[in-house]
**Q** 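Dumping the structure here so I can ask a few things about it.
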Amino acid sequence: MSKMRLMNTTTIAHLKDHVGSAVTLKGWIYNKRSSGKISFLQMRDGSGTIQAVVVQSEVEPAVWEASEKITLESSVHLMGTVSKHPKLENVFELQVSGIEIVQLADEDYPIGKKEHGPDFLLQNRHLWLRAPSQRAIQRVRNTIINGIYEYLNREGFIKIDSPILTPNACEGTTELFEMDYFDEGKAYLSQSGQLYIEAAIFSVGRCFDFGPVFRAEKSKTRRHLTEFWMMDAEAAFVEHAGNMEIQEGLIVHVVKKVLAKNQEELALLERDQEPLKKIEGPFIRKTHAEVVAELREMGSDIQENDDLGADDETMLTKKYDKPIFVEKYPAEVKAFYMKRDPENPKVALCADLLAPEGYGEVIGGSQREDDYETLLGRIREHGLSEEAFAWYLDLRKYGSVPHSGFGIGLERLTAWICGIQHIRETIPFPRMINRIYP
Ligand code: 4AD
Ligand code: MG
């Protein structure tokens with residue numbers, strides 16, 4: 001019996017190959033109802049969900065008893081015959097013949113059918129992750145990650161892992177998580193691996209990293225986490241315009257892949273797919289100066305030399321149905337490493353990519369300053385330590401080349417593609433200024 005059972009163990013995703021056969025499924029009961037003589041157990045196993053039907057008159061008393069006492073979230077092995085759903089395509093049922101309870105869950109599973117507030121759900125994130133919507137988001141996130149690897153590998157980028165413990169700041173000293181590092185003084189958690197993958201392009205030409213980064217900024221908004229996942233890409237001999245083309249190709253590829261692979265998840269999330277279907281190149285390209293004029297006309301009080309505020313990004317991106325590159329920001333609001341526009345040294349050769357539907361910035365990128373003296377000047381202007389950046393300056397001494405790169409915030413991209421309002425739902429365990437548990 002037990003040998004038979006092991007042989008027929010399968011997953012819900014594979015049931016179409018087992019119609020009419022006896023199988024074993026291993027998973028969790030997430031819902032149940034009983035009519036006294038028949039009980040319906042809703043089971044998930046990670047690969048899908050299924051309704052399992054237990055008919056009292058057709059099973060041994062012990063099996064019926066098990067179906068009666070089973071609690072929500074109990075882990076089980078269910079044995080039975082696979083049948084097709086009478087009406088729905090590609091939906092199957094299990095006519096149960098045996099039940100083995102692996103662990104009978106405590107009866108007080110905190111996440112019930114009723115609506116819970118975000119604080120309660122976040123406090124129970126370890127359990128909330130089991131909810132259908134949360135599972136769907138994680139599946140889309142997985143597709144996005146794979147899509148990014150796929151596109152970049154195809155375009156000749158190889159993965160180079162950058163360090164997380166670093167001796168210097170990449171994006172801004174006010175946003176650093178700091179610690180004492182043995183006898184070496186202070187160390188910081190990385191804000192972006194960019195500077196390190198810049199070093200690596202002189203070896204491999206094109207590369208990317210993909211990992212957690214940390215920002216100690218005190219922003220409490222729907223777009224900010226203190227720990228999030230960033231993909232930084234960097235390429236030698238690529239200038240500002242080429243940099244945007246790579247980003248455009250990447251976003252188009254990822255959106256298409258999600259549309260192809262995650263129909264079920266998008267439907268479950270009630271994501272309107274029409275806006276996603278319109279994501280094709282070329283994206284809109286506007287300079288910061290053009291955008292400021294446009295926003296002022298729309299009622300914003302943004303000034304010539306201001307960075308775009310969250311409200312500005314929301315307003316602008318609701319107006320268009322394609323992503324927008326906002327190019328050439330005033331250099332003073334951007335990072336020290338960005339190359340200036342030779343035609344107007346007040347602006348940087350940079351672009352932020354803003355996602356439509358009010359989402360706003362998902363990518364930040366630029367051409368990098370490749371001249372030694374100019375970069376040294378910027379490091380001094382920004383009050384950064386020459387000593388700490390000596391290695392970064394070396395890259396401009398030995399075979400310097402024009403080069404560019406960009407960084408994608410995975411959670412912001414996932415939130416947009418899933419149509420989720422707050423990015424905290426797109427990361428398994430969000431870290432925010434007021435939350436570190438669980
Ligand atoms: O624009 P950022 O700060 O750019 C950089 O860090 C560059 N060094 C990247 C590069 O050129 N390689 O961050 C890049 C992206 C943003 O566009 C945004 O999507 C995301 O990272 N991001 C955040 N996501 C969640 N929470 C935060 N606090 C974020 N800050 C930035
Ligand atoms: Mg940015």
Side-chain angles (χ1 to χ4, degrees), residues 141 144 148 152 157 160 162 166 168-177 188-201 206-235 238 240 243-244 246-247 250-251 254 288 307-310 312-313 317 323-327 329-330 333-339 348-355 359-369 392 403-417 420 422-427 430-433 435:
R141 180 181 163 113
I144 294 172
I148 292 173
L152 289 172
F157 290 76
I160 292 282
S162 53
T166 63
N168 47 20
C170 176
E171 288 308 307
T173 44
T174 55
E175 296 178 3
L176 284 172
F177 281 106
Y188 310 93
L189 293 180
S190 177
Q191 301 166 313
S192 158
Q194 177 198 324
L195 307 187
Y196 292 94
I197 63 167
E198 276 188 63
I201 60 166
R206 297 177 151 209
C207 59
F208 69 103
D209 67 12
F210 206 151
V213 294
F214 306 87
R215 304 268 168 115
E217 62 194 319
K218 296 246 160 60
S219 309
K220 211 178 147 190
T221 81
R222 65 189 175 91
R223 293 174 172 142
H224 288 89
L225 297 166
T226 53
E227 174 180 313
F228 63 98
W229 281 64
M230 171 122 77
M231 189 288 302
D232 297 283
E234 199 71 26
V238 168
H240 174 57
N243 194 29
M244 288 189 289
I246 294 167
Q247 295 167 48
L250 175 50
I251 295 297
V254 166
H288 176 270
D307 202 351
L308 266 58
D312 293 321
E313 289 189 4
T317 59
I324 308 167
F325 282 112
V326 181
E327 299 176 63
Y329 282 70
V333 302
K334 288 293 185 186
F336 75 97
Y337 52 71
M338 292 187 179
K339 193 174 179 67
L349 286 177
C350 67
D352 281 359
L353 182 67
L354 313 186
Y359 280 89
E361 181 187 344
V362 290
I363 303 185
S366 74
Q367 187 166 339
R368 320 305 190 188
E369 182 50 67
Y392 187 63
H403 64 283
S404 304
F406 60 95
I408 300 185
L410 176 61
E411 290 73 22
R412 298 231 189 133
L413 186 60
T414 306
W416 164 47
I417 293 178
I420 298 293
H422 201 304
I423 69 169
R424 65 192 168 200
E425 275 186 65
T426 65
I427 189 164
R431 269 77 182 94
M432 293 170 286
I433 54 177
R435 174 165 299 283

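Here, residue 1 is the first one in the sequence, and each next residue gets the next number. Atoms within a ligand are numbered from 1 in the order they appear, just like the ligands themselves. Note that this is a predicted model, so its numbers are computed, not measured.
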**Q** For ligand 1, which part of His224 has a heavy atom less than 4.0 Å away: the side chain, the backbone, both, or neither?
**A** both
**Q** Side chain, backbone, both or neither: which part of Arg223 has a heavy atom under 4.0 Å from ligand 1?
**A**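 Within the 4.0 Å criterion, Arg223 contacts ligand 1 through backbone atoms alone.
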**Q** Is the backbone N or O of Leu354 less than 3.5 Å from a side-chain atom of Thr317, with the two atoms forming a donor-acceptor pair by type?
**A** no
**Q** Restricting to under 2.8 Å, identify the protein N, O or S atoms around the Mg ion (ligand 2) as residue plus atom.
**A**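 The answer, once waters are left aside, is Glu361 OE2.
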**Q** For the residue pair Tyr188 / Glu175, report whether a side-chain donor-acceptor contact shorter than 3.5 Å exists.
**A**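 Checked: Glu175/Tyr188 side chains show no N/O donor-acceptor pair below 3.5 Å.
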**Q** Closer than 4.0 Å to some heavy atom of Leu225 - which atoms of ligand 1 meet that?
**A**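 The list of qualifying atoms is 25 (C), 26 (N), 27 (C), 28 (N).
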**Q** Please state which option from Arg215, Arg424, Glu198 has its nearest heavy atom closest to atom 3 (O) of ligand 1.
**A**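 The residue whose heavy atom sits nearest atom 3 (O) of ligand 1 is Arg215.
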**Q** Report the residues that fulfil side chain to side chain donor-acceptor pair (under 3.5 Å) with Asn243, sequence neighbours left out, ordered by chain and then residue number.
**A** none
**Q** Would you say the side-chain atoms of Ser404 pair up with the backbone N or O of Val238, donor to acceptor, closer than 3.5 Å?
**A**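 Judged by distance alone, yes, a pair lies under 3.5 Å.
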**Q** Check each atom of ligand 1 against the heavy atoms of Tyr337 and keep those under 4.0 Å away; list them by number with element.
**A** 7 (C), 8 (N)
**Q** Which of the numbered atoms in ligand 1 are under 4.0 angstrom from any heavy atom belonging to Gly409?
**A**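 This gives 15 (C), 19 (O), 20 (C), 21 (O) as the contact atoms.
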**Q** Pick one of side chain, backbone, both or neither for how Glu217 approaches ligand 1, counting any non-hydrogen atom pair under 4.0 Å.
**A** side chain
**Q** With sequence neighbours excluded, what pairs up with Glu313 under the side chain to side chain donor-acceptor pair (under 3.5 Å) test?
**A**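 By the side chain to side chain donor-acceptor pair (under 3.5 Å) rule, Glu313 matches no residue at all.
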**Q** With atom 9 (C) of ligand 1 as the reference point, say which of Ile363, Leu413, Asp232, Asp209 has the nearest heavy atom.
**A** Asp232
**Q** Are any of the heavy atoms in Phe208 under 4.0 Å away from ligand 1?
**A** no
**Q** Please determine whether any non-hydrogen atom of Ile423 lies less than 4.0 Å from an atom of ligand 1.
**A** yes
**Q** Show me which atoms of ligand 1 lie under 4.0 Å from any heavy atom of Val362.
**A** 17 (O), 19 (O)
**Q** Do His403 and Glu198 have side-chain N/O donor and acceptor atoms under 3.5 Å apart?
**A**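 Checked: His403/Glu198 side chains pair up, N/O donor to acceptor below 3.5 Å.
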**Q** Identify, by atom number and element, the atoms of ligand 1 in contact range of Arg368, meaning under 4.0 Å from any of its heavy atoms.
**A** 10 (C), 11 (O), 12 (N)
**Q** Please list the nearest protein heavy atom to atom 21 (O) of ligand 1 with its residue and the distance rounded to 0.1 Å.
**A** Phe228 CE1, 3.4 Å
**Q** Would you mind listing every salt bridge (Lys or Arg N to Asp or Glu O under 4.0 Å) that reaches into residues 222-233, with sequence neighbours excluded?
**A**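 Pairs touching residues 222-233 that pass the test: none.
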